[in-house]
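This report concerns only the one structure given below.
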Amino acid sequence: MKKISVVILMLLCCFQLKAQHTFQLGDSAFLLDGKPFQMISGEIHYLRVPRESWRDRIRMAKAMGLNTIGTYVFWNMHEPEQGHYDFSGNNDVAAFVKIAQEEGMWIILRPSPYACAEWEFGGYPYWLQNKKGLVVRSKEPQYLSAYNNYIKAVGKQLSALQINHGGNILMVQIENEYGSYSNDKDYLEINRKMFVDAGFDGLLYTCDPAADVAKGHLPGLLPAVNGEDDPVKVKQLVRDNHNGKGPFYIAEWYPAWFDSWGEKHHTVPYEKYLDRLDRVLAAGISINMYMFHGGTSRGYMNGANWDGYGPYQPQVSSYDYDAPLDEAGNATPKFMKFREVIAKHLPAGQTLPEVPAKKPVITTPLITFSRSSGLLNTLPAAIKSVDPLTFENLQQAYGYVLYRTTVTGGKEALLKIKDLRDYGLVFINGKRAAILDRRLAQDSAVVTLPAGRVTLEILVENLGRINFGHYLLKNNKGITGEVLLNGQAIHQWQQFKLPYAQQPVVKAGPVAADAPVLKEGSFVLSSVGDTYLDMTNWGKGVVWINGHHLGRYWQVGPQQTLYVPAEWLKKGSNKVTVLEMIKPDVNTLQGLDHPILDVLQ
């Protein structure tokens, strides 16, 4: 009888929760249950944080004074291949939203197909490029069909968690900074209708940089502003595009910035932002800090920038962002100072939770690798073609592809690879002859070909698809044009797919000088904590620990360490695998108790 009473009580509580809250637009403020409500929000991308740490990060947000979390939903992670959806494990966005609700936090949801976010292809799945004629961010039918299927799948996961259904999702964003790309209001209306049809029947909004609000705003929806924190300007922009009314929301406020390989690490002193945060909150404007906590773009999920003229700029794996909460989830001085500002604007009688202590960190024993094997020694079956095939032609999203052909030697020749994307190692009869780097506009090298038939191999790495601008559909990877030898196109190629999505099993084998290598080792821990693998002496590659892909490292910097969450380590033996492209002789690795994010080589 007692158990039945408890069940009835729980059902009653759930019913009350579903009927408990309303969220509406007032003329000058958001209205939560009919009363003015100021969102003090921070961006956390659940896919950049280990699932085991979601609750910890949300509690840290609450301790700084935030009442809301903003998050993108990345299409390419949830539909990696067309029609195959994944909302499990770290992809379980509904679980993230529910944890936030359990912790008393609201959610601003950003599930539009395009995210930007320094994420691979801006969140688009690679397979969109295999549909001839498809145009993203347009009314092109193939795009709209794929988009519609995706947003319906997201709606099944999340629409029931909107505040008007008893959940904690306050608002949902359609598209993303569309005004920086185009101004087609009919397209935006199609977006709106698809969201509603997918079950997102609460408050919808758009967000754009200040200069592009008018182009990216859909009449009838709230226009939010990115990158502007002058209260007078923010209010005027919103009123000009919203029938003279509010409420007022800065959807992306940037107290920091991201990093690209080979470029200086970005830091922004908190002193520059304290007065600006204070005046926004004093003006009653709602705000979302981008980022509150960046986390890590693990695997191959970093994006890149390219405007068609300047250098190609792939982003580093660390998304530390110099945010208030660092990559490992610890409070920074910026966190503490922002907390002081927010505390000044709390409702009477409300106090902030204590800030959790810094997480334990460890160093690891010196790791020596027990097994090594040349990357090119064990290859999958070849795919043959007359001309080189792109990653997309090969139905491969990320990682590496080896291209192989034979040519007539006995000469010195200029090798040119048209539109190499993005990083290539050139081998002549198994010996490295050149390194070509798209960042440096390198697409050719003079090579010496010995007499007779010569094996020419080019190992190509996808360094990240462009995530912003008008070149989103110029994102094919691999060798995307002709390969020329002294101006003559080379034909008859073999391609070997090397996606390396999962931690590989390394079988001991020969390792050639200057050739890519897989290394496997282990280390024993008596206790666990966060650590940072020091890759300073290594060249270029990726690392796995205990089945988790930690991301890329590259000697050019500025990032020189890879963050390893304590949750992914274990007492006893831990397995580590390194794919090293250019320094096969390095054979030791150490975990440090601090990151190195600011060293260029």
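Both backbone and side-chain heavy atoms feed into the values below; hydrogens, waters and symmetry mates do not. If you read the sequence from its start, that first residue is 1, and numbering goes on from there.
Side-chain contact check for Asn91 and Ser88: no donor-acceptor pair (N or O, by modelled atom type) lies under 3.5 Å. A donor and an acceptor atom, one from each side chain of Lys583 and Gln555, are located under 3.5 Å apart. Side-chain contact, Glu177 with Asn226: a donor N or O sits under 3.5 Å from an acceptor N or O. In this structure, a donor-acceptor pair under 3.5 Å is present between the side chains of Ser41 and Asn288. Of the N and O atoms on the side chains of Gln559 and Ser317, not one donor lies less than 3.5 Å from an acceptor on the other residue. In this structure, a donor-acceptor pair under 3.5 Å is absent between the side chains of Ser260 and Gln315. Side-chain N/O atoms of Asn476 and Arg421 include no donor and acceptor closer than 3.5 Å. No side-chain donor-acceptor contact under 3.5 Å links Asp86 and His78. A donor and an acceptor atom, one from each side chain of Glu252 and Tyr254, are located under 3.5 Å apart.
Checked options Phe96, Phe87, Tyr72, Phe74; the residue passing with Tyr46 is Phe96 (criterion: ring pair (Phe, Tyr, Trp, His ring centres under 6.0 Å)). Evaluated for a side-chain hydrogen bond (donor to acceptor under 3.5 Å, both in side chains) with Gln313, the options Arg438, Arg439, Glu263 yield exactly one hit, Glu263.
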query: Checking ring-ring contact (aromatic ring centres under 6.0 Å, His included) for the pair His549/Tyr300: CA distance, chi angles, key distance, verdict?
result: CA-CA 9 Å; His549 194 315; Tyr300 306 106; 4.7 Å; yes

- request: Before giving the answer on side chain to side chain donor-acceptor pair (under 3.5 Å), spell out for Gln502 and Tyr500 the whole-Å C-alpha distance, their side-chain angles and the decisive distance to 0.1 Å.
  value: CA-CA 5 Å; Gln502 307 299 324; Tyr500 285 111; over 6 Å; no

task: Evaluate ring-ring contact (aromatic ring centres under 6.0 Å, His included) for Tyr532 paired with His594, printing each intermediate quantity in order.
output: CA-CA 6 Å; Tyr532 303 86; His594 62 279; 7.4 Å; no

Working for side chain to side chain donor-acceptor pair (under 3.5 Å), residues Ser53 and Glu567: CA-CA 8 Å; Ser53 302; Glu567 293 83 0; 3.2 Å; yes

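Between the side chain of Tyr114 and the backbone N or O of Asn467 there is at least one donor-acceptor pair closer than 3.5 Å. Remark: side-chain polar atoms of Thr296 are not paired, donor with acceptor, to backbone N or O of Leu550 under 3.5 angstrom. Judged by distance alone, the side chain of Asn168 and the main-chain N or O of Met105 form a donor-acceptor pair under 3.5 Å. In terms of modelled atom types and a separation under 3.5 Å, the side chain of Thr332 and the main chain of Pro324 share a donor-acceptor contact. When atom types are taken as modelled, the side chain of Gln442 and the backbone of Asp437 share a donor-acceptor pair closer than 3.5 angstrom. Judged by distance alone, with hydrogens and angles left aside, the side-chain atoms of Asn475 form a donor-acceptor pair with the main-chain N or O of Leu472 at under 3.5 Å.
Note that the CH2 atom of Trp261 and the NZ atom of Lys540 stand 7.5 Å from one another [nearest 0.5 Å]. Atom-to-atom distance recorded for Tyr553:OH and Thr561:OG1 is 13.5 Å, nearest 0.5 angstrom.
Judged by the 6.0 Å distance and 45° axis criteria, Arg432 is not positioned over the aromatic ring of Phe427.
Residues Phe258 and Trp119 keep their aromatic ring centres 6.0 Å or farther apart.
With sequence neighbours left out, the side chain to side chain donor-acceptor pair (under 3.5 Å) criterion links Ser180 to Asp212. With sequence neighbours excluded, no residue satisfies salt bridge (charged side-chain N to carboxylate O under 4.0 Å, His left out) with Glu118. Legend: residues meeting ring-ring contact (aromatic ring centres under 6.0 Å, His included) with Tyr150, ordered by chain and number and at least two apart, are Trp75.
Arg110 has a carboxylate O that lies under 4.0 Å from a charged side-chain N of Glu43, or vice versa, which qualifies the two as a salt bridge. Taking the charged nitrogens against the carboxylate oxygens, Lys477 and Glu120 have no contact shorter than 4.0 Å, which rules out a salt bridge. Salt bridge absent: Lys519 and Glu580 never bring a charged side-chain N and a carboxylate O closer than 4.0 Å.
Screening residues 319-333 for salt bridge (Lys or Arg N to Asp or Glu O under 4.0 Å), with sequence neighbours left out, gives Asp322-Lys334. Applying the salt bridge (Lys or Arg N to Asp or Glu O under 4.0 Å) test to every pair with at least one member in residues 522-539, sequence neighbours left out, gives these pairs: Lys359-Asp530.
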Quiz: residues 58-67 side-chain donor-acceptor pairs under 3.5 angstrom, not counting sequence neighbours:
unit_1, atom_1, unit_2, atom_2, d
Arg59, NE, Glu103, OE1, 3.1
Arg59, NE, Glu103, OE2, 3.2
Arg59, NH2, Glu103, OE2, 3.2
Lys62, NZ, Glu103, O, 2.8
Asn67, OD1, Ile40, N, 3.0
Asn67, ND2, Gln38, O, 3.0

